[in-house]
Amino acid sequence: MEQMTVTKLYTLKETIASEIFAGVTYPWEVLPKIGAFIVKLGSTLPETEYEKIGEDIWVAKSAKVAATASIHGPAIIGKEAEIRHCAFIRGNAIVGEGAVVGNSTELKNVILFNKVQVPHYNYVGDSILGYKSHMGAGAVTSNVKSDKSLVKVKVGEKTIETGLKKFGAMLGDEVEVGCGSVLNPGSVIGSHTNIYPLSMVRGVIPAGSIYKKQGEIVAKQ
C-alpha cells in the first residue's frame with residue numbers, strides 16, 4: 001500500500017498546492033477539497049505576480065493564455081504555464097508552473113504539478129498529475145464507472161474503498177502515458193513509469209515500470 005502514498009508518488013515542493021496534502025495518506029483523499037483550497041490559496045497570491053481575471057480565477061502574469069481558451073473558476077494558472085488554443089478548464093483546477101495545457105484539452109477538478117504536459121486532446125478529470133508527467137495525444141482519464149458505483153483502488157488481491165464516485169487517475173512524478181491510452185477509474189501509476197500507446201490501464205502500476213498491456217508489466221532496466 002505504501003507505493004500509493006503521497007510521499008511515494010509526488011515531489012511536494014513541485015506544486016503550489018503542497019499544503020492540501022498535509023496529513024493525507026493517499027492523494028485521492030484531497031479530490032473533494034480542491035475547489036475550496038483554490039479559493040483560500042488564491043486570495044493569498046501576490047498581486048505583483050498573479051492577476052485575478054474572473055471570479056476565483058488567478059493567472060500568473062508570466063503565463064501564456066490563448067484568447068480562445070476557456071477558464072472557469074476556481075482555478076489557478078501558475079507561472080510560465082501555457083494554456084493553448086481551445087483549452088477548456090472547467091473549474092477546480094490548479095495548473096502548475098511551466099505546465100502545458102494544449103489544444104482541445106479539458107481539465108476538471110485536478111492538480112497538475114509543475115512542468116506537467118497535457119498538450120493534445122486530453123481529458124483529465126478528478127486526477128492528480130505529478131511533476132513532469134506527460135500524457136500523449138488523445139490519452140484520457142476515465143473518472144466515473146459505467147455502473148456509477150463508488151470507485152475502488154485495487155492492488156493485487158487487496159482493495160481500498162475510496163468513497164468517491166468520481167476518481168480518475170493518480171500519476172506519479174515523470175510518468176509517460178502513451179498516445180490514445182485510457183486510464184480507468186481508480187488507476188494509480190507509480191513514478192517514472194511508461195505506459196505504452198493505446199493501453200487500457202486499471203489498478204496500481206508499480207513505479208519504474210513499463211506497462212505494455214494488461215498482465216504484461218516489466219521493470220525498467
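Heavy-atom basis, side chains included; hydrogens, waters and symmetry copies ignored.
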- [ ] Taking all non-hydrogen atoms of both residues into account, name the closest pair between Ala66 and His85 and its distance.
- [x] CB-N, 3.6 Å

TODO: For Ala81 and Gly96, work out which heavy atoms get closest and say how close.
DONE: CB-O, 3.7 Å

TODO: Give a yes or no on this: more than 12 heavy atoms of other residues, nucleotides or ligands lie within 6.0 Å of atom NZ of Lys61.
DONE: yes

Open item on the list: Applying a strict under-4.5 Å side-chain criterion to I, L, V, M, F, W and Y, I'd like to know whether Val30 and Val6 cluster together.
Closed with: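 Yes; Val6 is reachable from Val30 via cluster members.
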
Task: Cluster check Val182, Tyr121: I/L/V/M/F/W/Y, side chain < 4.5 angstrom - done: no

- [ ] Could you list all the ring pair (Phe, Tyr, Trp, His ring centres under 6.0 Å) pairs where at least one residue sits in residues 196-221, not counting sequence neighbours?
- [x] none

Task: Asp126 and its salt bridge (charged side-chain N to carboxylate O under 4.0 Å, His left out) partner, picked from Lys165, Lys108, Arg90 - done: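 Result for salt bridge (charged side-chain N to carboxylate O under 4.0 Å, His left out) with Asp126: Lys108.
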
Are any non-hydrogen side-chain atoms of [X] and [Y] less than 4.5 angstrom apart?
| X | Y | value |
| --- | --- | --- |
| Leu198 | Ser181 | no |
| Val153 | Thr159 | no |
| Ile111 | Ile20 | yes |
| Asn103 | His120 | yes |
| Ile128 | Val110 | no |
| Val124 | Met135 | yes |
| Val100 | Val118 | no |
| Thr105 | Leu107 | yes |

Open item on the list: With rounding to the nearest 0.5 angstrom, report the CD1 to CD1 distance, Ile76 to Ile71.
Closed with: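 Rounded to the nearest 0.5 Å, the CD1-CD1 separation comes to 12.0 Å.
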
Check: [X] side chain, [Y] main-chain N or O, donor-acceptor pair, under 3.5 Å:
| X | Y | value |
| --- | --- | --- |
| Ser133 | Val175 | no |
| Asn194 | Val177 | no |
| Asp173 | Tyr131 | yes |
| Asn109 | Leu31 | yes |
| Ser127 | Ala169 | yes |
| Thr162 | Leu164 | yes |
| Ser187 | Val201 | yes |
| Thr7 | Thr5 | no |
| Ser209 | Gly190 | no |
| Ser191 | Gly172 | no |

Open item on the list: For a side-chain hydrogen bond (donor to acceptor under 3.5 Å, both in side chains) check, start with the C-alpha distance between Asn114 and Lys132, then their side-chain angles and the critical distance, and finish with the verdict.
Closed with: CA-CA 7 Å; Asn114 298 342; Lys132 282 190 175 180; over 6 Å; no

- [ ] Would you confirm whether the ring centroid of Trp58 sits within less than 6.0 angstrom of the ring centroid of Tyr50?
- [x]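 Here the rings of Trp58 and Tyr50 have centres that are no less than 6.0 Å from each other.
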
Open item on the list: Is the ring pair His72/Phe88 parallel, tilted or perpendicular, if the boundaries are 30 and 60 degrees?
Closed with: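 Because their plane-to-plane angle is over 60°, the rings of His72 and Phe88 count as perpendicular.
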
Task: Pair listing, side chain to side chain donor-acceptor pair (under 3.5 Å) test, anchored in residues 145-157, at least two apart - done: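 Only Lys145-Ser149, Asp147-Ser149 qualify under side chain to side chain donor-acceptor pair (under 3.5 Å).
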
Open item on the list: Going by the rule salt bridge (Lys or Arg N to Asp or Glu O under 4.0 Å), which residues pair with Lys79 if we only count those two or more places apart in sequence or in a different chain?
Closed with: Glu49

Open item on the list: Working note: Tyr10 + Met170, criterion side chain to side chain contact (heavy atoms under 4.5 Å, CB included); need CA distance, chi angles, decisive distance, verdict.
Closed with: CA-CA 10 Å; Tyr10 302 114; Met170 304 290 116; 3.5 Å; yes

TODO: Verify whether one side chain among Asn184 and Ser142 offers a donor that lies under 3.5 Å from an acceptor in the other.
DONE: no

